[in-house]
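For ligands, and for the atoms within them, numbers begin at 1 and follow the listed sequence.
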Amino acid sequence: MRRLRSEGHQLWIVDGRSGVGFVCWVFRTRAPVAAAKGRWIDLPDSVVCVEDSLTAPAMRGRGIAPGAWCALADRLEADGVQALVTKVEHWNRPSHRALAKTGFRPTAEMKLDRAWGRSRVAATPLGGGTGALLAGLILGGREG
Ligand SMILES: CC(C)(COP(=O)(O)OP(=O)(O)OC[C@H]1O[C@@H](n2cnc3c(N)ncnc32)[C@H](O)[C@@H]1OP(=O)(O)O)[C@@H](O)C(=O)NCCC(=O)NCCS
């Protein structure tokens, strides 16, 4: 955590009165992507990556994550940020539901196959937004 914060990444917390209600990391200038070469991608200043979003189990289903992402977007827009991106796995229905409430939309699909210690990644833009940029950054430097 100290290392990430010293690099300028930020941990955002929603105070849930009786404890932490929600947390997420905000990555600027570069973001962790396990499938990318070096496991990180460089981001332009106008794009910020939100990762590791987590609502306290007892507080789920109350719109806390969507509210937090919207508040974050308002703050970051004032800094010139034009897009928030986040990764979500296909099976994660609660996350898809929460993201859809805030105006997030799918811009790229990533597939990672691991076998015999080797990994193969595919990244496909879904049209518009940051999809082409992200797919290019994820595939950059890899054989495909
Ligand atoms: C994804 C997550 C951050 C959403 O947070 P949230 O503050 O509960 O968001 P919402 O209140 O908008 O709820 C989203 C969906 O969660 C589901 N949900 C509702 N109540 C729930 C509960 N008590 N427990 C679990 N899921 C619940 C519903 O499908 C809901 O969608 P709906 O409101 O359209 O019915 C939260 O479920 C979570 O921390 N999950 C584990 C970590 C994770 O998967 N992080 C996301 C990584 S991309």
**Message:** Can you report which non-hydrogen protein atom sits closest to atom 1 (C) of ligand 1, along with the distance?
**Reply:** S95 CA, 3.6 Å
**Asked** What residue and atom, counting heavy atoms only, is the protein's closest point to atom 14 (C) of ligand 1, and at what distance?
**Response** P94 O, 3.4 Å
**Message:** I want to check something: taking the side chain as every heavy atom from C-beta on, are W69 and T86 in contact at a cut-off of under 4.5 Å?
**Reply:** no
**Message:** I'd like to check atom 43 (C) of ligand 1 in this structure: does the protein have a heavy atom lying under 4.0 Å from it?
**Reply:** yes
**Asked** Do H9 and E51 have side-chain N/O donor and acceptor atoms under 3.5 Å apart?
**Response** no
**Request:** Look at atom 11 (O) of ligand 1 and say which protein heavy atom is nearest, naming residue and atom and giving the distance to 0.1 Å.
**Result:** G63 N, 2.6 Å
**Request:** Please indicate whether K101 has more than 12 foreign heavy atoms, meaning atoms of other residues, nucleotides or ligands, lying under 6.0 Å from its NZ.
**Result:** yes
**Item:** Exceeds 12 heavy-atom contacts within 6.0 angstrom, atom CD of E7
**Value:** yes
**Request:** Going by heavy-atom distance to atom 41 (C) of ligand 1, choose the closest among R60, R93, K101, E89.
**Result:** R60
**Request:** Please tell me if the side chains of V85 and V48 come closer than 4.5 Å, counting only heavy atoms from C-beta onward.
**Result:** no
**Asked** Which of these, R97, R62, H96, M59, has its nearest heavy atom closest to atom 30 (C) of ligand 1?
**Response** R97
**Prompt:** Do V88 and ligand 1 have an N or O pair less than 3.5 Å apart?
**Reply:** no
**Asked** Heavy-atom distance to atom 20 (N) of ligand 1: which of G61, P57, P66 wins?
**Response** G61
**Residue K87 vicinity, atoms of ligand 1 by number, heavy atom under 4.0 Å** = 48 (S)
**Item:** S53 N/O to ligand 1 N/O under 3.5 Å
**Value:** yes
**Message:** Tell me whether R60 at atom CZ has more than 12 heavy atoms from other residues, nucleotides or ligands lying less than 6.0 Å away.
**Reply:** yes
**Prompt:** Quick one: which ligand 1 atoms are inside 4.0 Å of a heavy atom on I64?
**Reply:** 7 (O)
**Prompt:** Within a reach of under 6.0 Å around CG of D45, are more than 12 heavy atoms found that belong to other residues, nucleotides or ligands?
**Reply:** no
**Asked** With a 4.5 Å limit on heavy-atom distance, are the side chains of V14 and V20 in contact?
**Response** no
**Prompt:** Would you say ligand 1 has an N or O under 3.5 Å from any N or O of A65?
**Reply:** yes
**Message:** Looking at ligand 1, is there an atom of it that comes within less than 4.0 Å of some heavy atom belonging to N92?
**Reply:** yes
**Complete:** protein heavy-atom neighbour closest to atom 6 (P) of ligand 1 works out as T55 OG1, 3.5 Å
**Request:** For residues F104 and L84, determine if any side-chain heavy atom of one lies less than 4.5 Å from a side-chain heavy atom of the other.
**Result:** yes
